[in-house]
Amino acid sequence: MNFEFNETQLMIRETARKFAEEKLAPSADDRDEKEQFPFDAIKEMGDLGFMGMMVSEKYGGAALDTISYILAMEEISKVDASAGVVMSVNNSLVCWGIETYGSEQQKEKYLRDLATGKKLGAFALSEPEAGSDATNQRTTAVRNGDHYLLNGIKNFITNGANADVVLVMASTDRSKGAKGVSTFIVEKGLPGFSVAKKEKKLGIRSSDTVSLAFQDVRIPVENRVGEEGFGIKFALKTLDGGRIGIAAQALGIAQGSLDAAIKYSKERKAFEHPIAEFQAIQFKLADMATNVEAARMLVLNAASLKDRKEAYNVAAAMAKLYASKVAVKCALEAIQIHGGYGYIREYKVERFLRDAKITEIYEGTSEIQRVVIARSLLQ
Ligand code: CAA
């Protein structure tokens with residue numbers, strides 16, 4: 001493995017770092033407190049090419065590789081994991097899904113605006129009874145001539161309240177189970193389509209997470225992505241890439257926690273010495289740095305396999321499993337190093353912990369990642 005970054009990748013990382021420090025950092029805590037969506041930042045991220053990083057130029061994207069994407073994801077999430085997940089869902093789940101499996105007409109109609117940040121996308125797979133058990137879809141899409149009638153509820157949908165375009169998985173033939181699920185591009189504002197509930201969350205509070213309700217929503221047949229019955233494969237294949245994005249988000253939170261812990265331990269004095277001089281603190285920092293580096297290698301490995309067009313689903317699961325664990329661990333240690341100050345809102349490490357936890361849950365829980373990894377070992 002050679003992870004020497006090329007000039008473009010280094011430039012992307014630098015641009016993302018500068019943007020995160022200048023545009024996201026000053027308002028991240030406030031937006032978290034007020035649960036405010038980062039509208040302006042997302043627009044600017046679109047202008048920078050960060051909302052459609054891997055989309056080809058033909059559809060308005062930045063035509064970059066997955067390595068560039070994860071470098072940018074890490075930098076954004078190091079400062080603001082909420083902006084990170086908005087970016088990740090739009091890039092890896094929505095843009096990638098449409099570009100890889102959509103029709104030419106769908107790409108022309110939707111991808112350009114999604115890739116340039118003019119429009120925002122969401123990915124609606126989860127339901128009240130279909131989380132880890134993703135194939136258990138209750139939402140139905142019944143064909144009626146040149147359209148489908150969509151009915152059901154989707155749960156925990158990132159970007160759901162602000163998305164212009166939602167990729168919805170729905171059963172087109174219940175008798176076929178997982179093989180009877182299809183994917184549809186659903187536009188905001190269609191009659192019968194509504195946001196049912198906005199969730200109040202522990203972390204990533206400035207991103208929106210909602211339930212979506214569909215009541216006899218008419219979806220034109222041309223908005224079906226791929227053949228009928230392709231929906232579960234579409235969703236799981238798309239999530240393989242999504243998991244690399246979330247792993248990079250977790251890596252960013254872990255690195256942000258480590259950076260904050262180093263800074264604080266050099267400034268804070270106890271017993272007349274900066275606490276960084278004590279081995280108890282040094283050993284924590286050393287363990288955090290080692291874990292962050294190991295997570296980074298797994299994330300880079302998964303991204304690099306994807307770029308080389310080799311199988312990456314197991315590598316993505318390993319990267320997400322490990323990086324999310326490291327994010328939680330590093331955020332906890334950063335709080336411990338900050339002592340009482342780590343537990344209060346003024347120091348952002350408590351936000352890092354709240355933001356880190358979700359990376360062990362969404363886009364497949366850690367238990368699901370272990371299922372994916374174990375299956376590959378035992379097949
Ligand atoms: N790529 C393509 N196809 C795949 C696949 C993959 N990675 N994994 C499985 N499949 C196929 C299988 O081959 C099978 O098809 P065939 O019957 O034709 O062989 C079909 O999909 C069903 O697979 P399984 O029989 O293995 O299904 P299962 O019920 O045993 O579950 C699972 C597999 C790994 C547990 C899967 O359901 C899973 O990953 N669950 C977690 C779902 C998830 O990540 N949800 C996150 C929600 S989205 C989100 O969080 C977004 C957000 O807003 C942030």
Side-chain angles (χ1 to χ4, degrees), residues 73 77 81-97 100-101 120-137 139 154-163 165-169 171 176-183 195 198-199 201 203-204 207-212 226-250 302 305-306 310-318 320-321 324 355 357-379:
M73 269 298 298
S77 305
S82 290
V85 73
V86 176
M87 173 178 163
S88 175
V89 166
N90 200 73
N91 273 278
S92 353
L93 299 186
V94 183
C95 287
W96 190 86
T100 308
Y101 298 112
L120 187 65
F123 182 87
L125 173 67
S126 300
E127 298 186 356
E129 289 175 73
S132 293
D133 186 9
T135 62
N136 186 33
Q137 295 287 307
T139 297
K154 291 289 174 180
N155 240 16
F156 301 139
I157 308 305
T158 306
N159 294 350
N162 297 303
V165 173
V166 185
L167 288 176
V168 179
M169 270 44 77
S171 177
K176 291 187 179 158
K179 289 187 168 63
V181 175
S182 308
T183 304
V195 174
K198 186 174 188 313
E199 304 293 352
K201 303 177 302 235
I204 54 161
S207 67
D208 67 302
T209 306
V210 301
S211 297
L212 298 175
E227 295 300 312
E228 271 197 9
F230 182 63
I232 286 298
K233 290 206 170 163
F234 170 90
L236 295 180
K237 193 82 200 143
T238 304
L239 278 165
D240 286 338
R243 289 166 185 170
I244 302 176
I246 299 304
Q249 182 199 28
L305 285 170
K306 183 163 181 282
E310 291 179 36
Y312 57 89
N313 67 319
V314 176
M318 287 178 174
K320 182 178 180 293
L321 174 65
S324 60
D355 289 349
K357 184 60 203 170
I358 190 62
T359 65
E360 293 187 310
I361 298 172
Y362 58 22
E363 301 205 20
T365 60
S366 294
E367 291 71 22
I368 289 295
Q369 307 311 324
R370 290 187 177 97
V371 168
V372 171
I373 298 162
R375 279 184 182 182
S376 77
L377 300 175
L378 300 171
Q379 68 190 358

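Both counts, for ligands and for their atoms, begin at 1 and track the order of listing.
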Requested in this report: For Ala134, counting its heavy atoms only, list the atoms of ligand 1 lying under 4.0 Å from any of them.
Outcome: 37 (O), 42 (C)
Requested in this report: Enumerate the atoms of ligand 1 whose separation from the nearest heavy atom of Asp240 is less than 4.0 angstrom.
Outcome: 1 (N), 6 (C), 7 (N)
**Report entry** Protein residue, atom and distance nearest to atom 48 (S) of ligand 1, heavy-atom basis
**Finding:** Leu239 CD2, 3.9 Å
Report summary line: Looking only at protein heavy atoms, what sits closest to atom 40 (N) of ligand 1 is Ser132 O, 2.9 Å
Query - atom 20 (C) of ligand 1: the protein heavy-atom neighbour that sits closest, reported with distance to 0.1 Å - result: Ile232 CG2, 4.0 Å
Query - Side chain Glu127, main chain Thr139, donor-acceptor under 3.5 Å - result: yes
Report task. Measure from NZ or CZ of Lys357 to the centre of the six-membered ring of Tyr362, then state whether that distance is under 6.0 Å and the direction lies within 45° of the axis. Result -> no
Query raised in the report: Within the side chain of Asp355, is there an N or O that forms a donor-acceptor pair under 3.5 Å with the backbone of Ile204?
Result: yes
Query raised in the report: Can you find a protein heavy atom under 4.0 Å from atom 54 (C) of ligand 1?
Result: yes
Query raised in the report: Which ligand 1 atoms does Glu363 reach within 4.0 Å, using its non-hydrogen atoms?
Result: 44 (O), 46 (C), 49 (C), 50 (O), 51 (C), 54 (C)
Query raised in the report: How about Glu367: does its CD atom have over 12 heavy atoms from other parts shown lying under 6.0 Å from it?
Result: yes
Query raised in the report: Is Val371 in contact with ligand 1, taking contact as a heavy-atom separation below 4.0 Å?
Result: no
Requested in this report: Have a look at ligand 1 and work out which part of Leu236, if any, has a heavy atom under 4.0 Å from it: side chain, backbone, both or neither.
Outcome: both
Report task. Report yes if the side chains of Val89 and Val94 come closer than 4.5 Å at any heavy-atom pair, otherwise no. Result -> yes
Query raised in the report: So which protein heavy atom does atom 25 (O) of ligand 1 come closest to, and at what separation?
Result: Arg375 NH1, 4.8 Å
Query raised in the report: Is Thr158 in polar range of ligand 1, meaning some N or O pair under 3.5 Å apart?
Result: yes
**Report entry** Side-chain touch Lys154/Gln137, heavy atoms, less than 4.5 angstrom
**Finding:** yes
Query raised in the report: For ligand 1, which atoms have a heavy atom of Ser126 less than 4.0 angstrom away?
Result: 47 (C)
Query raised in the report: Should you measure from each heavy atom of Ile368, which atoms of ligand 1 turn up under 4.0 Å away?
Result: 35 (C), 38 (C), 39 (O), 40 (N), 41 (C)
Query raised in the report: Under a 4.5 Å cut-off applied to non-hydrogen side-chain atoms, are Leu167 and Leu93 in contact?
Result: no
Report task. Considering heavy atoms of the protein only, find what lies nearest to atom 34 (C) of ligand 1 and give residue, atom and distance to 0.1 Å. Result -> Val372 CG2, 4.0 Å
Query raised in the report: Would you say Asn159's side chain and Gly121's backbone share a donor-acceptor pair under 3.5 angstrom?
Result: yes
Requested in this report: Would you verify that at least one protein heavy atom lies under 4.0 Å from atom 42 (C) of ligand 1, or report that none does?
Outcome: yes
Query raised in the report: Where do Ala311 and Leu305 come nearest, in terms of heavy atoms and distance?
Result: O-CD1, 3.7 Å
Query raised in the report: Side chain, backbone, both or neither: which part of Thr135 comes within less than 4.0 Å of ligand 1 when only heavy atoms are counted?
Result: side chain
Query raised in the report: Where is the tightest heavy-atom contact between Ile157 and Ala122, given as atom of each residue plus distance?
Result: CG2-CB, 3.9 Å
**Report entry** Nearest non-hydrogen protein atom, atom 18 (O) of ligand 1
**Finding:** Lys233 NZ, 3.0 Å
Query raised in the report: Short question: side chain of Asp240, backbone of Tyr312 - any donor-acceptor pair under 3.5 Å?
Result: no
Requested in this report: May I ask which of Lys179, Lys154, Lys237 has a heavy atom nearer to atom 17 (O) of ligand 1 than the others do?
Outcome: Lys179
Query raised in the report: At a 4.0 Å cut-off, with the gap strictly under it, does some heavy atom of Gly131 reach an atom of ligand 1?
Result: yes
Query - Heavy-atom neighbours of Lys179 NZ exceed 12 at 6.0 Å - result: no
Query raised in the report: Relative to each other, are the rings of Phe234 and Phe123 parallel, tilted or perpendicular (30° and 60° limits)?
Result: parallel
**Report entry** ligand 1 atoms in contact with Arg243 (distance to a heavy atom under 4.0 Å)
**Finding:** 39 (O), 41 (C), 43 (C), 44 (O)
Query raised in the report: Any N/O of Gly364 closer than 3.5 Å to an N/O of ligand 1?
Result: yes
**Report entry** Proximity of Gln249 to ligand 1 by residue part, where a heavy atom lies under 4.0 Å
**Finding:** neither
